[in-house]
Amino acid sequence: MNTNTEKKTEYTFKAPRGTEDILPEKWALWRRLEEVGRQEFELCGYYEIRTPVFEDTRLFIRSIGEATDIVEKEMYTFSDSEDSSITMRPESTAPVMRAYLEYELYKTKKFQKFYYIGPQFRKERPQAGRLRQFHQMGIEAVGASDPLLDVETISIAARIFDRIDLNGYKVKINSIGCEKCRPVFRNILKEKLCEHEKSLCELCQSRLNRNVFRILDCKNEKCKAISHHMPSINDYLCVECQVHAKVVRESLLEIGIPYIVDAHLVRGLDYYTKTVYEITHSSLGARDAICAGGRYDNLISDMGGPSIGSVGFAIGMEATILALKNVMSKSKTVSQEVSTPAPSIYIVSIGEETKKQCFYLLNLLRKSNLSADFDYEGRSPKAQMRTANKLGVKYVIVLGPDELARGDVKIKIMETSEEISLKQNDVLKWFLNKQSPSVSL
RNA sequence: GUGAGCGUAGCUCAGAUGGUUAGAGCAUUAGACUGUGGCUCUAAGGGUCGCGGGUUCGAAUCCCGUCGCUCACCCCA
């Protein structure tokens with residue numbers, strides 16, 4: 001202990017690197033995104049599921065893939081009191097599938113649609129739109145292989161972005177084939193790339209043996225030039241995958257979702273098959289994806305479940321909000337028109353002896369579902385009025401010694417500065433009458 | 001893990017070539033006929049100049065280290 005009593009202990013705590021606090025004034029956009037997401041998901045028949053934020057480490061190794069960066073170096077892993085290994089979830093697809101299998105949900109109904117909203121954890125160096133604790137909202141449509149289902153998921157994401165007024169996003173899609181055709185393509189690609197081995201960047205040279213597909217995604221100019229001349233996976237898809245891709249693309253057109261086929265689009269997670277897609281926003285810079293998803297027909301069987309396919313996506317919420325802010329600051333007309341909740345009535349008390357009655361009134365209003373607040377700091381009437389004004393309340397109730405003696409209150413309508421007197425007993429009735437027309441909407 | 005840039009009041013930032021008590025705007029609080037808002041005016045509070053060391057008569061300003069933040073790379077939502 002410090003014996004020097006004069007020395008105050010200095011405050012030194014900080015939110016850990018890569019995490020952020022969403023302060024009250026920042027909440028509006030989050031709310032909007034979350035509410036729109038929920039509505040849209042539920043509109044399309046998806047049900048919310050919440051899984052733990054941590055899971056058995058093996059779940060992620062099994063599903064995401066042992067050789068991926070996520071598993072190799074980005075997971076928050078620790079051991080709990082027993083000798084089992086626990087990992088903070090780096091994504092939510094695997095946990096949702098785990099729940100689906102654990103409760104054998106496929107036995108009651110094979111096809112089920114889930115959505116989730118929540119934090120995810122990845123130990124990476126933070127960067128614009130990328131954090132260590134970040135939030136995703138996503139869907140998983142489990143138990144069907146219909147390509148139209150792939151399209152449904154894309155359309156849901158697109159509609160969410162439309163409804164939050166996020167202009168300027170791009171849908172990129174590709175097919176990465178299945179366990180039948182992908183190995184064939186991988187070998188051909190590898191062969192062809194080996195011819196150019198010395199021209200590839202160092203990293204890509206090592207990728208030749210580890211993950212050939214990733215080379216197609218490399219941003220190095222030389223690698224780009226080389227991969228430009230490489231064959232496209234689209235030319236090597238098996239008939240089944242070809243048909244699948246065709247249906248996806250045609251029906252995207254039919255329902256009016258513009259997209260770009262990006263033959264170089266690959267995914268970082270092992271479990272994808274056939275359709276993969278990504279929605280990006282150009283305002284974001286280097287890390288520009290706001291949504292990523294695709295089909296994973298082997299994940300469930302790989303995890304030891306029945307062999308059924310599924311599709312899903314995850315929307316990166318901070319990336320989306322960042323993009324939304326960029327869009328909003330550009331269009332001057334749509335100034336930060338996002339409402340934060342505030343009470344609509346403020347009660348100004350004057351003098352200690354009136355506080356009790358004010359507090360009684362406050363509770364009366366609140367019990368009737370009217371939003372109201374009052375002063376707990378013992379400040380002057382003027383200061384209380386200032387607070388009321390800052391809060392943007394519509395009405396102020398003033399109750400001082402005079403009113404107390406008469407058994408009434410003054411109600412000030414802030415917009416017009418008009419004041420009226422009311423018996424204390426009539427206050428609630430007065431506000432309820434005011435409320436009812438708007439409530440009936 | 002690698003590289004670059006930045007680090008001055010709650011916030012946004014000024015503070016050339018080192019020189020007496022570190023500034024502004026916004027925000028906060030209090031006043032302007034002592035029971036009342038928005039505008040205006042006045043005043044006040046608030047800063048170990050990220051931290052540690054060095055150079056110097058003297059450093060927010062130069063050098064080194066360190067921590068933190070940001071952006072980019074790898075990878076990814």
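Numbers restart at 1 for each chain; the letters A, B, ... are given by sequence-line order, proteins then strands. All values reported here derive from a predicted model rather than from experimental measurement.
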Q: Would you indicate what A319(A) reaches in the nucleic acid, counting non-hydrogen atoms under 4.0 angstrom: base, sugar-phosphate, or nothing?
A: nothing
Q | Interatomic distance, R287(A) CZ vs C73(B) P [rounded to whole Å] | A | 11 Å
Q. Does anything in residues 411-425 of chain A reach RNA chain B, meaning a heavy atom under 4.0 Å, and if so which residues?
A. K412(A), M414(A), S417(A), E419(A)
Q | Nearest-angstrom distance, P atom, G5(B) to A9(B) | A | 23 Å
Q. Any chance the rings of F54(A) and F121(A) have centres within less than 6.0 Å?
A. no
Q) With a 4.0 Å cut-off on heavy atoms, is E20(A) in touch with a base, just the backbone sugar-phosphate, or nothing at all? A) nothing
Q) Is there a donor and acceptor pair, one atom on the side chain of R125(A) and one on the base of U2(B), closer than 3.5 Å? A) yes
Q.
Let's see if you get this right: which residues in residues 388-399 of chain A place a heavy atom under 4.0 Å from RNA chain B?
A. N389(A), K390(A), V398(A)
Q: Please state how far atom CD in Q127(A) lies from atom P in C71(B), giving the value in whole angstrom units.
A: 7 Å
Q. What interatomic distance, in whole Å, is found between P of C63(B) and the corresponding atom of G18(B)?
A. 11 Å
Name the atoms and distances for all side-chain donor-acceptor pairs under 3.5 Å in residues 383-393 of chain A, with sequence neighbours left out.
unit_1  : atom_1 : unit_2  : atom_2 : d
Q384(A) : OE1    : S349(A) : N      : 3.1
Q384(A) : NE2    : S349(A) : O      : 2.9
Q384(A) : NE2    : R379(A) : O      : 2.9
T387(A) : OG1    : R379(A) : NH2    : 2.8
T387(A) : OG1    : A383(A) : O      : 3.0

Q: Measure from the ring center of Y116(A) to the ring center of F114(A) and say whether it is less than 6.0 Å.
A: no
Q) Under the 3.5 angstrom rule, does the side chain of N174(A) hit a backbone N or O of A263(A) as a donor-acceptor pair? A) yes
